[in-house]
Amino acid sequence: MSFQAPKGTFDWLPPRSERVLAVREALAAPLRTAGYGYIETPVFEDTQLFARGVGESTDIVTKEMYTFADKGGRSLTLRPEGTASVVRAVLQHNLHTGQLPVKLWYSGSQFRYERAQRGRYRHFWQVGAEALGSEDPALDAELIVLAARGFASLGLKNVTLLLNSLGDQNCRPAYRAALQEFLRGLDLDEETRARIEINPLRVLDDRRSEVQDQLADAPLVVDHLCAACKAYHEEVRGLLTACGVAFTDDPRLVRGLDYYTRTTFEFVHGGLGSQSAVGGGGRYDGLSEMLDGPPLPSVGWALGVDRTFLAMQAEGLADDEARQRVQVYGVPLGDDARRRMFLLVGELREAGLSADMAFGGKGLKGAMKGADRSGAAFALILGERDLAAEAVQVKDLATAEQSEVPLAQVVEFLKGKVQ
Ligand code: ATP
Ligand code: MG
């Protein structure tokens, strides 16, 4: 049997692959307008970075990491998310000793050993943004607005923003204790009972209906916020409203990662079934210290490119009609014509037109088929007789009209026609 892409992974092929590139660009574009700089970190890191920076009690660390020993005996892990790497890089290069906040964005592959299904893959792509070193509700609001703009710029209408606050080191412990007490009284399996003791907020995130059905009366973090957290959250909400960004308060929204504090949010799409989150993020004031850095209150998000693409499909924004690939297609007939066409196609490209030509010594019929498939507006037919006359036949593929143009003028001629 021939090789297949590994389970839970897939290939992006043209013309869809072009669209997914455009999605990545569109999600990142608003960040560039707001002073975020591009950061690229390695695809693998020290396993301990994720164990500590994502959290030992999370599904990601306990079940989903691609961990391996390299030939030097180091334990490395393919990155399951971007934030820990970004904080590591900021600390390593002392970016936090300059002006704050440090604003960074990234775009790249993530790897999680998940139960593969539609919208949940083992290799997927995120665009992410982080603003490090400032505690300011305007920064939380800025990031949320920028993500919302990215989705809107793709034409998506059915994206909803869910918003919550998880409190901070002052009020969270009392809430955590209240939640634990409530959860201990429920009928839960052993694994979930263990989770109550390590990361009780995660139990709220359990999707199983037998768990959800018991959570109706669970204490809510909003009822336990301290005055400072409450004021902070109100400020974020007020700024979003002022910008016209609609949101839904979701007092049960928690995040899978241990390091989140205060603002948390998720963007969900109505057309994706149970894999509905197209992005999420929040404030992670404690993460830097968990990685042996100084206190560095920060906020960030990661948007799922693959799911955003599925959301676009669900809204009919990603139909697969073949897109025009090139504007001009060369049809050389014979070896001398092929050599000349090769140069001409290069000249066209340098002049800013997109151009392709028939390869593999095809005859006129096969080459014209290639011209049709290429989506080009014009075919350039070059035979031995044209070469002798220093001219080329320019065929308008829409009207089938054909005219002879001197080779020395054809670049200018086509520039006038297709641009
Ligand atoms: P979920 O609750 O769906 O598992 P998550 O909380 O694990 O999501 P994050 O770690 O916050 O997700 O990642 C941010 C975004 O990345 C998600 O909102 C989603 O769009 C995307 N994403 C996460 N995991 C996957 C995956 N396995 N395949 C495709 N996209 C993913
Ligand atoms: Mg997940």
Side-chain angles (χ1 to χ4, degrees), residues 5-10 12 20 23-24 26-28 50 53-55 57-66 77-86 105-130 143-144 147-148 150-151 154 156 158-164 166 195 199 201-208 211-212 250 252-260 263-284 287 299-314:
K7 185 170 181 193
T9 73
F10 59 90
W12 283 105
V20 83
V23 171
R24 291 175 197 168
L27 294 177
F50 300 120
V54 177
S57 72
T58 59
D59 283 352
I60 290 182
V61 172
T62 55
K63 299 180 192 156
E64 298 176 359
M65 294 208 300
Y66 279 92
T77 294
L78 298 183
R79 64 182 177 208
E81 57 103 53
T83 306
S85 305
V86 170
W105 72 275
Y106 60 85
S107 176
S109 294
Q110 311 295 340
F111 307 85
R112 297 184 195 175
Y113 189 77
E114 303 221 50
R115 209 161 62 79
Q117 53 199 293
R118 186 178 159 79
R120 187 174 297 287
Y121 310 111
R122 293 181 175 177
H123 170 226
F124 59 100
W125 198 279
Q126 287 181 337
V127 170
E130 318 286 353
L143 274 165
I144 293 172
F151 290 129
L154 291 167
L156 287 167
N158 202 359
V159 175
T160 307
L161 167 61
L162 306 177
L163 187 66
N164 195 18
L166 294 180
R195 187 172 273 170
N199 192 349
L201 268 73
R202 286 285 287 138
V203 180
L204 296 180
D205 207 19
D206 200 311
R207 303 244 162 97
R208 292 171 300 175
V211 178
Q212 279 302 325
D250 182 351
R252 289 173 189 280
L253 178 70
V254 294
R255 307 274 310 146
L257 315 185
D258 277 350
Y259 51 68
Y260 282 92
T263 312
T264 49
F265 52 89
E266 202 159 87
F267 289 91
V268 295
H269 190 273
L272 297 182
S274 52
Q275 269 60 253
S276 61
V278 288
R283 192 155 262 292
Y284 51 91
L287 178 57
V299 55
W301 49 242
L303 312 182
V305 172
D306 310 80
R307 282 194 205 164
T308 300
F309 188 82
L310 290 176
M312 291 178 67
Q313 280 186 318

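Remember, it's 1-based here, ligands and their atoms both numbered in the order they're listed.
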ask   = Heavy-atom distance to atom 15 (C) of ligand 1: which of Q126, E81, Q275, E64 wins?
value = Q126
remark   = Among Y121, Y113, F267, the residue with a heavy atom nearest to atom 28 (N) of ligand 1 is Y121
Min heavy-atom dist [X] to ligand 1 below 4.0 Å:
X: R112; value: yes
X: R207; value: yes
X: D306; value: no
X: R120; value: yes

query = Taking only heavy atoms of G304, which atoms of ligand 1 are found under 4.0 Å from at least one of them?
reply = 15 (C), 16 (O), 20 (O), 21 (C)
key: Atoms of ligand 1 close to G119 [distance to a heavy atom under 4.0 angstrom, numbered from 1]   = 28 (N), 29 (C), 30 (N)
query = So which heavy atom on L253 is nearest to which on F265, and how close?
reply = CD2-CA, 3.6 Å
query = Taking the side chain from W105 and the backbone from A28, do they hold a donor-acceptor pair closer than 3.5 Å?
reply = no
inquiry  = How long is the straight-line distance from CZ of F309 back to CH2 of W12, given to the nearest 0.5 Å?
reply    = 4.5 Å
request  = May I ask you to decide if the ring planes of F111 and H123 are parallel, tilted or perpendicular, using 30° and 60° as cut-offs?
outcome  = parallel
ask   = Would you say G279 has any N or O atom under 3.5 Å from an N or O of ligand 1, going by distance alone?
value = yes
task = Using distance alone, decide if ligand 1 has a nitrogen or oxygen within less than 3.5 Å of any nitrogen or oxygen in I60.
result = no
task = Evaluate the side chain to side chain contact (heavy atoms under 4.5 Å, CB included) criterion for residues I144 and L163: first the C-alpha distance (whole Å), next the side-chain angles of each, then the deciding distance (0.1 Å), finally the verdict.
result = CA-CA 10 Å; I144 293 172; L163 187 66; 4.1 Å; yes
Can you list, pair by pair, the side-chain donor-acceptor contacts under 3.5 Å of residues 269-279, counting residues two or more places apart and other chains?
| unit_1 | atom_1 | unit_2 | atom_2 | d |
| --- | --- | --- | --- | --- |
| H269 | ND1 | G271 | N | 2.9 |
| H269 | NE2 | E315 | OE2 | 2.8 |
| Q275 | OE1 | R120 | NE | 3.3 |
| Q275 | OE1 | R120 | NH2 | 3.2 |
| Q275 | NE2 | Q117 | OE1 | 3.3 |
| Q275 | NE2 | R118 | O | 3.2 |

Salt bridge (Lys or Arg N to Asp or Glu O under 4.0 Å) between R202 and D59, intermediate numbers included = CA-CA 10 Å; R202 286 285 287 138; D59 283 352; 3.1 Å; yes
query = Are any of the side-chain nitrogens in R195 or D205 under 4.0 Å away from the carboxylate oxygens of its partner?
reply = no
request  = Could you tell me whether E114 approaches ligand 1 through its side chain, its backbone, both or neither, with non-hydrogen atoms closer than 4.0 Å?
outcome  = side chain
